[in-house]
Amino acid sequence: MAINIKPIGDRVVVEAAPAEEKTASGIYIPDTAKEKPQQGTVVAVGPGKKDEPTTVQVGDQVIYGKYGGTEITYEGKEYLIMREGDLYAIL
């Protein structure tokens with residue numbers, strides 16, 4: 001799960017959970033209708049601000065805003081880089 005990206009400041013790198021493929025009733029969702037996931041796994045954490053260390057750790061499952069973070073592709077995988085303040089909760 002460890003990657004070679006080292007975020008700076010209070011930023012974290014999150015690997016988004018895969019989008020739902022099927023509804024609870026068994027209907028398959030086409031790619032064009034899938035919503036962006038709002039939860040994922042923290043894969044890298046920055047050191048934090050001068051007086052505020054980061055509170056999340058690598059491996060934490062988190063919930064974040066629908067349009068939060070900057071999407072990047074690294075070694076063929078999609079990640080989000082966002083500030084720790086953009087995270088809503090740790091699951």
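Just the heavy atoms: all of them, side chains too, but no hydrogens, waters or symmetry mates, feed the values below.
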> Under a 4.5 Å cut-off applied to non-hydrogen side-chain atoms, are I81 and V12 in contact?
Replying inline: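 No, their side chains stay 4.5 Å or more apart.
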
> Are any of the side-chain heavy atoms of Y74 and V13 separated by less than 4.5 Å?
Replying inline: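 SC-SC contact between Y74 and V13 ruled out.
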
Which value, rounded to the nearest 0.5 Å, describes the distance between [X] atom [atom1] and [Y] atom [atom2]?
{"X": "Y64", "Y": "Q39", "atom1": "OH", "atom2": "CD", "value": "8.0 Å"}
{"X": "Y67", "Y": "L80", "atom1": "OH", "atom2": "CG", "value": "13.5 Å"}
{"X": "R11", "Y": "T70", "atom1": "CZ", "atom2": "OG1", "value": "8.0 Å"}
{"X": "T73", "Y": "Y79", "atom1": "OG1", "atom2": "OH", "value": "10.0 Å"}
{"X": "D60", "Y": "L91", "atom1": "CG", "atom2": "CG", "value": "9.5 Å"}

> Taking all atoms of both residues into account, what is the closest heavy-atom pair of A44 and I5, and its distance?
Replying inline: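 Closest pair (atom of A44, atom of I5, distance): CB-O, 3.5 Å.
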
> Can you name the nearest heavy-atom pair linking P7 to V45, along with the distance?
Replying inline: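 Looks like CG-C, 3.7 Å.
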
> Would you find a donor on one side and an acceptor on the other, under 3.5 Å apart, between the side chain of E84 and the backbone of T55?
Replying inline: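 Judged by distance alone, yes, a pair lies under 3.5 Å.
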
> Is there a side-chain contact (heavy atoms from CB on, under 4.5 Å) between I90 and V42 once you walk through the steps?
Replying inline: CA-CA 10 Å; I90 299 173; V42 176; over 6 Å; no

> Out of curiosity, does V62 fall in the hydrophobic cluster containing V58 (side-chain heavy atoms, cut-off under 4.5 Å, transitive links)?
Replying inline: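 As far as the 4.5 Å side-chain criterion goes, V62 and V58 are connected within one cluster.
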
>> Under 4.5 Å between side-chain heavy atoms, counting indirect links through other Ile/Leu/Val/Met/Phe/Trp/Tyr residues: same cluster for V14 and I63 or not?
In response: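 Different clusters: V14 never reaches I63 through Ile, Leu, Val, Met, Phe, Trp or Tyr contacts under 4.5 Å.
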
>> Applying salt bridge (charged side-chain N to carboxylate O under 4.0 Å, His left out) as the test, list every pair that has at least one member in residues 70-83; sequence neighbours left out.
In response: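 Output for this query lists D10-R83, E15-K77, K36-E71.
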
